[in-house]
Amino acid sequence: MDLLRFATAGSVDDGKSTLIGRLLLDSKAIFEDQLEAVEATSKTKGYDYTDLALLTDGLRSEREQGITIDVAYRYFATPRRKFIIADTPGHVQYTRNMVTGASTADLGLVLVDARQGLTEQSRRHAVILSLLRVPHLVLAVNKMDLVGYDQEVFERIRAEFVTFTQRLNVPDLAVIPISALQGDNVVTRSENMTWYDGSSLMHHLENVHIASDRDLRDVRFPVQYVVRPKSDEYHDYRGYAGRVASGVMKPGDEVMVLPSGLTSRIAGIDLFEDEIAEAFPPMSVVVRLEDDLDVSRGDMICRVKNAPEPTQDLDAMICWMTREPLRPRQKLAIKHTTRSARAVVKDIQYRLDINSLHRDTEARELGLNEIGRVTLRTTQQLLVDPYEQNRTTGSFILIDEATGNTVGAGMIN
Amino acid sequence: MKSAADYRLSQLDELESESIHIFREVVAELERPVLMFSGGKDSIVMLRLAEKAFHPARLPFPLLQVDTGLDFPEVLATRDAWVDRLGVNLVVASVDQAIADGILVDDGRTSRNRMQIATLLEALESGGFTAAFGGGRRDEEKARAKERVYSHRDEFGQWDPKNQRPELWSLYNGRLHEGEHLRIFPLSNWTELDIWHYIARERIEIPSIYFSHRRRVFERDGMLLSEHPANPCREGEVVTERTVRFRTVGDLSLTGCVESTAATLDEIVEEVAVARVTERGATRGDDRFSEAAMEDRKKEGYF
Ligand SMILES: Nc1nc2c(ncn2[C@@H]2O[C@H](COP(=O)(O)OP(=O)(O)OP(=O)(O)O)[C@@H](O)[C@H]2O)c(=O)[nH]1
Ligand SMILES: [Mg+2]
């Protein structure tokens with residue numbers, strides 16, 4: 001059984017949390033005591049029906065306001081797959097939490113309220129999902145029950161979304177008409193929409209092909225930690241612990257360590273007490289080399305003729321996540337793979353208009369929740385690949401040195 | 001030639017790899033980590049993952065246990081067996097000691113579990129620990145479902161759920177100011193069933209009270225509690241002997257058991273797979289006081 005991570009997206013009240021509640025309920029991942037609790041709350045609040053969003057909106061303020069504020073992670077499994085869901089907030093104020101939930105997703109599930117059609121927020125989220133290179137996208141046109149299950153409404157929204165995403169990078173898109181509240185096309189095909197001949201959402205989630213999403217060619221192994229037992233039994237043991245970002249590593253492979261550029265061969269790969277024949281993403285292993293090189297945290301092991309680029313100049317798309325705007329000459333801490341350094345903002349090349357996708361080259365700053373293309377200079381060399389090739393070696397976070405908060409997410413061009 | 005499909009990890013292996021990555025990241029970046037060890041199944045799985053992360057070296061951090069004075073003897077026995085085998089340093093912070101030292105006041109109404117919070121915060125502070133690994137899982141409870149892997153605590157040990165740091169990819173932010181610390185949850189993405197599958201797969205030693213056994217119990221608030229001098233029966237409560245097991249372990253006066261004949265790991269996996277009530281809903285008195293009981297305790301600094 002494998003694992004699929006997906007994240008919800010879309011405007012406030014489009015029904016994301018309700019849909020997740022529905023998926024959990026119909027896949028029997030909700031326990032009786034949990035259901036009884038939300039039934040009781042719905043009754044006290046005087047609702048006509050059980051508010052399934054209460055199953056994921058777990059914070060007191062979320063329940064009071066009836067909106068999602070931060071990501072909720074929920075889990076369910078079918079005989080085919082285990083799912084990790086990030087139910088994200090639709091409110092623009094909490095976009096950073098949506099980005100958090102979507103950054104690790106294999107699939108993005110954008111909801112749209114059939115009565116409203118695409119909104120600025122649905123576009124913003126589609127743009128973010130495409131920037132984050134979430135490889136699979138589903139547009140769920142929700143609340144079909146409120147538009148009389150009308151095919152025309154569905155087709156119009158579908159066409160509009162397809163046109164919009166043609167200008168984005170969306171490799172795989174499915175569009176499904178649903179009612180999260182009533183359960184139409186969520187787990188089983190709906191009787192109310194016989195005009196729709198695609199699969200139900202659950203069927204799609206169970207079958208979407210994710211095996212080839214990972215890069216098995218370009219070896220990238222950021223060294224996390226050096227294992228030196230300092231015991232008699234393992235006196236000479238020296239291993240480099242890390243998580244394989246991409247590529248397949250085998251004992252005997254000739255490798256290069258960056259930034260030193262020194263080469264060696266893999267002597268062995270350890271996974272706890274076992275020596276294994278090969279390591280691939282996203283395995284956490286310990287790699288031993290034949291030669292005694294000076295390797296430490298922040299270094300990268302790769303193949304000799306296939307290496308990331310060492311650079312101090314970054315050209316990246318930045319998603320800005322704090323009130324104080326990003327401006328030229330600003331200094332920040334940066335974390336990229338297992339390397340930490342400092343960075344200074346050289347230039348804001350443009351700010352992206354979410355609705356028109358227009359590039360505003362006059363922009364002098366990036367405000368909260370804005371996205372733009374930025375040039376940075378770092379104090380140390382980073383070992384980078386373009387984000388479109390590698391989600392691990394192509395991404396970084398920016399940290400405010402005074403507050404310690406994470407304030408920006410970067411994707412290298 | 002192998003195909004891409006041959007290079008996929010099972011979900012258990014993927015969870016294991018993610019947890020190991022978290023352990024190594026914390027040890028590489030934070031000065032004084034500690035692992036909060038209760039002796040329950042989650043903290044044992046967490047310890048096992050830590051063992052794997054640093055093998056063949058010893059664990060590079062101590063264990064911290066908050067002794068409520070009402071812990072199950074079987075749990076303490078398993079704890080000691082693990083500590084012996086791994087040769088790690090165990091720090092015990094005792095609620096009774098905190099009361100004796102005047103750090104805590106026992107007003108006779110506050111549950112032991114609640115008094116654990118103050119004892120824990122005091123132990124973290126006096127040990128100078130900057131990162132405390134906890135075995136919390138997001139599937140346990142709706143407030144936990146909201147928590148980051150690196151969960152930031154201010155100088156009062158408080159969690160601010162409305163203001164969590166964004167946490168992108170697997171780039172964790174371990175920045176701290178003086179007096180602040182992080183709670184780290186390496187098991188965030190594991191479910192109760194994953195834990196049991198893993199315990200069965202790895203043949204991990206866990207306390208005997210997780211397996212079905214005969215026990216003298218009485219019913220309170222719909223839970224089955226153990227007969228114990230520290231837990232006197234109230235009027236109308238009758239002690240009977242039944243065949244039970246525990247789904248979670250915590251403070252003896254608050255942790256209930258369930259009737260069960262599951263005596264092997266396979267039988268437990270089977271039982272958990274069809275369970276219709278959450279482990280906390282079934283057996284934890286501390287989560288039942290209000291809808292936001294867990295959120296409130298977490299804000300104050302609970303595990
Ligand atoms: N009739 C109908 N109502 C729906 C449907 N889906 C959701 N709703 C209602 O729409 C309202 C908002 O639903 P939520 O699930 O909280 O919306 P959300 O997208 O999670 O909102 P945020 O997380 O705050 O962005 C609730 O009152 C739901 O009951 C649907 O398919 N049909
Ligand atoms: Mg919501």
Please identify each residue that fulfils salt bridge (Lys or Arg N to Asp or Glu O under 4.0 Å) with A:Asp2, with sequence neighbours left out.
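So A:Asp2 forms a salt bridge (Lys or Arg N to Asp or Glu O under 4.0 Å) with A:Arg81, B:Arg8.
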Please examine the side chains of [Y] and [X], heavy atoms only from C-beta on, and report whether any two atoms are closer than 4.5 Å.
{"X": "B:Glu29", "Y": "B:Asn173", "answer": "no"}
{"X": "A:Met321", "Y": "B:Leu168", "answer": "yes"}
{"X": "B:Phe61", "Y": "B:Phe129", "answer": "no"}
{"X": "A:Trp320", "Y": "A:Leu398", "answer": "yes"}

Heavy-atom proximity to chain B below 4.5 Å, by part of [X]:
{"X": "A:Leu271", "result": "side chain"}
{"X": "A:Glu233", "result": "neither"}
{"X": "A:Val227", "result": "side chain"}
{"X": "A:Thr322", "result": "neither"}
{"X": "A:Thr337", "result": "backbone"}
{"X": "A:Ala279", "result": "neither"}
{"X": "A:Thr68", "result": "side chain"}
{"X": "A:Glu36", "result": "neither"}
{"X": "A:Lys335", "result": "both"}
{"X": "A:Tyr73", "result": "both"}
{"X": "A:Gln34", "result": "side chain"}
{"X": "A:Leu216", "result": "side chain"}
{"X": "A:Arg217", "result": "neither"}

Note: [X]-[Y] ion pair, threshold 4.0 Å (strictly below):
{"X": "B:Arg48", "Y": "B:Glu205", "answer": "no"}
{"X": "B:Glu271", "Y": "B:Arg245", "answer": "yes"}
{"X": "B:Glu147", "Y": "B:Arg183", "answer": "no"}

When the ring planes of B:Phe133 and B:Phe23 are compared, do they come out parallel, tilted or perpendicular, using 30° and 60° as the limits?
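Rings of B:Phe133 and B:Phe23: tilted, as their planes differ by 30° to 60°.
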Evaluate the ring planes of B:His21 and B:Tyr172, with Trp represented by its six-membered ring, and classify them as parallel (under 30°), tilted (30 to 60°) or perpendicular (over 60°).
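Judged by the thresholds at 30° and 60°, the geometry between B:His21 and B:Tyr172 is tilted.
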Flag the one option from [options] with the top tally of heavy-atom pairs under 4.5 Å to chain A.
{"options": "B:Ser19, B:Ser17, B:Ala145", "value": "B:Ser17"}
{"options": "B:Lys146, B:His177, B:Arg165", "value": "B:Lys146"}
{"options": "B:Pro166, B:Ala143, B:Pro161, B:Ala53", "value": "B:Pro166"}
{"options": "B:Arg58, B:His152, B:Glu18", "value": "B:Glu18"}
{"options": "B:Asp139, B:Asp13, B:Asn189, B:Ile20", "value": "B:Asn189"}
{"options": "B:His55, B:Gln164, B:Arg175", "value": "B:His55"}

So which atom in A:Thr56 and which in A:Ser17 form the shortest heavy-atom distance, rounded to 0.1 Å?
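Nearest pair, atom of A:Thr56 first, then A:Ser17: OG1-CB, 3.4 Å.
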Find the one option among [options] whose heavy-atom pairs under 4.5 Å with chain B are most numerous.
{"options": "A:His336, A:Arg391, A:Arg228, A:Glu278", "answer": "A:Glu278"}
{"options": "A:Asp57, A:Val71, A:Ile69, A:Thr104", "answer": "A:Val71"}
{"options": "A:Leu132, A:Val248, A:Leu59, A:Asn405", "answer": "A:Leu59"}
{"options": "A:Ala409, A:Ser231, A:Ser395, A:Ala333", "answer": "A:Ser395"}
{"options": "A:Tyr225, A:Tyr234, A:Phe280", "answer": "A:Phe280"}
{"options": "A:Leu3, A:Asp70, A:Asn97", "answer": "A:Asp70"}

Is it the backbone or the side chain of [X] that comes under 4.5 Å from a heavy atom of chain A, or both, or neither?
{"X": "B:Asp194", "result": "side chain"}
{"X": "B:Glu180", "result": "neither"}
{"X": "B:Ser188", "result": "backbone"}
{"X": "B:Arg137", "result": "neither"}
{"X": "B:Leu15", "result": "side chain"}

Any chance the side chains of A:Asn369 and A:Arg96 put a donor and an acceptor closer than 3.5 Å?
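On atom types as modelled, these side chains do not qualify, holding no pair under 3.5 Å.
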Does the side chain of B:Tyr198 come under 3.5 Å of the side chain of B:Glu16 through a donor N or O and an acceptor N or O?
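Yes - a donor-acceptor pair under 3.5 Å links their side chains.
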Would you say B:Ser151's side chain and B:Arg148's backbone share a donor-acceptor pair under 3.5 angstrom?
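Flag not set: sc B:Ser151 to bb B:Arg148 has no pair under 3.5 Å.
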State whether the side chain of B:Thr130 and the backbone N or O of B:Arg32 hold a donor-acceptor pair below 3.5 Å, judged by distance alone.
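Present.
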Run the numbers on A:Arg74 and A:Asp87 for salt bridge (Lys or Arg N to Asp or Glu O under 4.0 Å), then give the verdict.
CA-CA 8 Å; A:Arg74 302 305 303 249; A:Asp87 181 33; over 6 Å; no
Can you confirm if the NZ or CZ of B:Arg201 lies within 45° of the ring axis of B:Trp190 and under 6.0 Å from the centre of its six-membered ring?
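The answer is no; the distance or angle limit is not met.
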